[in-house]
Structures are given as C-alpha cells and as structure tokens.
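Have a look at the structure below, then the notes.
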Amino acid sequence: MRTPPRRAWLAAAVPTAFALVALGFPSWDWYFDGVTFAMAAEGVAAGGDPAWLLHPHHLLYGPVVWAVWRLAWHAGLAVRAWLVMQWFSTACAVASLAAVHRLAVRLSLPEPLPEATTAALA
C-alpha cells in the first residue's frame, strides 16, 4: 500500500528531521567500543592486521565500518573513521524509520499512527 500523497510529506518529515539533527550535532561523547572500532578501521587501512576488525560480539560491525570508511575515503572525503561511523549509523537509523513507517502504512493503521509510531522511534 502506498502512502497517500497528502501524507507523503509527513512520512518524509520525521526521518529527515532526525537526520538533520543527528548529522548537525555529531556526538563528541565517545565510548571505548566506538573508539576501538574506529582505531581498528584506521589501523587496518594503515597496514595493520585485518583480524583487528573482528570482535566476538560484533562480527560484522568492524568489517562494515572499515568498508564504509574506505568508500568515503575513495570518494574524496578525508575524514576520520569515527565521523563516518556516525554518518553510517544515522543512515541506518533513517532507513529503519522509513521501514517502520512503511510497515505501519502497510498494516493499514489509522491515519495518525504511522507518523506517530515513526516519530516515537526517532
């Protein structure tokens, strides 16, 4: 089921607002895990052991972060891995918000609920 045109702007407003706030105010409060993953990605790019990317509880996160950071680097964005990690996290969150909204519309929830559900998750 498609989002009716009169609600399409509202369906895009919540993820867009979330993205603008998240990207406009990047976190400067880093925790050990995030710093470790960023250091591992940059260390492997500098010739370190690729095993640094693997973590027993986050098997895909390290390699995915490294790949996204290298893509950004090859696209000409000379930024640190921790910043690309925040951009990637925001992109995943926006995609998740859009998926939740689409699911709510597909379930034929009454008019304000798809947007309210999406806003509550944001």
Side-chain angles (χ1 to χ4, degrees):
M1 177 179 232
R2 297 186 60 157
T3 302
R6 60 189 166 82
R7 286 182 28 206
W9 71 270
L10 191 55
V14 172
T16 302
F18 173 82
L20 289 174
V21 170
L23 294 174
F25 301 99
S27 174
W28 295 99
D29 187 15
W30 303 308
Y31 294 100
F32 179 76
D33 279 352
V35 173
T36 303
F37 284 119
M39 287 173 55
E42 291 178 4
V44 170
D49 186 3
W52 294 346
L53 297 175
L54 300 177
H55 185 280
H57 302 290
H58 311 287
L59 294 176
L60 291 178
Y61 191 68
V64 169
V65 163
W66 178 81
V68 172
W69 179 62
R70 294 310 294 168
L71 282 172
W73 189 266
H74 289 300
L77 298 172
V79 295
R80 303 292 303 261
W82 63 265
L83 186 57
V84 174
M85 288 168 58
Q86 290 187 38
W87 293 344
F88 182 64
S89 178
T90 300
C92 290
V94 167
S96 296
L97 288 171
V100 165
H101 183 271
R102 183 168 175 85
L103 177 64
V105 169
R106 203 172 268 262
L107 291 173
S108 300
L109 294 179
E111 180 108 5
L113 285 181
E115 291 77 19
T117 303
T118 306
L121 288 176

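Taking CG of L60 as the reference point, atom NE2 of H55 lies at 13.5 Å (rounded to 0.5 Å). Here L109 contributes atom CG and L103 contributes atom CG; the two are 8.0 Å apart, rounded to the nearest 0.5 Å. How far CG of L97 is from OG1 of T117: 11.0 Å, rounded to the nearest 0.5 Å.
In terms of hydrophobic clustering, with Ile, Leu, Val, Met, Phe, Trp and Tyr side chains grouped at heavy-atom distances under 4.5 Å, W73 and F37 are assigned to different clusters. A chain of hydrophobic side-chain contacts below 4.5 Å, direct or via other Ile, Leu, Val, Met, Phe, Trp or Tyr residues, connects W82 to L77. Hydrophobic clustering (side-chain heavy atoms under 4.5 Å, transitive across Ile, Leu, Val, Met, Phe, Trp, Tyr) keeps L54 apart from W52. Side-chain heavy atoms closer than 4.5 Å link hydrophobic residues (I, L, V, M, F, W, Y) into clusters, and following such links, even through other members, never connects V14 to V94. Linking ILVMFWY residues whenever their side-chain heavy atoms come closer than 4.5 Å, directly or via other members, leaves L59 and M39 in distinct clusters.
Within the 4.5 Å cutoff, the side chain of R80 has no heavy atoms near those of the W69 side chain.
Considering only residues two or more places apart in sequence or on other chains, R70 meets the side chain to side chain donor-acceptor pair (under 3.5 Å) condition with none of them.
Scanning both residues, F18 and A93, for their nearest heavy atoms gives CE2-CB, 3.4 Å. Closest approach of V44 and P50 over heavy atoms only: CG2-CA, 3.9 Å. Contact detail for V65 and A41: the closest heavy-atom pair is CG1-CB, 4.2 Å.
Y61 and H58 have perpendicular rings, their planes meeting at more than 60° on a 0 to 90° scale where under 30° would count as parallel.
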Under 3.5 Å, which donor-acceptor pairs do the side chains of residues 84-92 form with other protein atoms, sequence neighbours left out?
{"from": "Q86", "atom 1": "OE1", "to": "S27", "atom 2": "N", "distance (Å)": "2.8"}
{"from": "Q86", "atom 1": "NE2", "to": "S27", "atom 2": "O", "distance (Å)": "3.1"}
{"from": "T90", "atom 1": "OG1", "to": "Q86", "atom 2": "O", "distance (Å)": "2.9"}

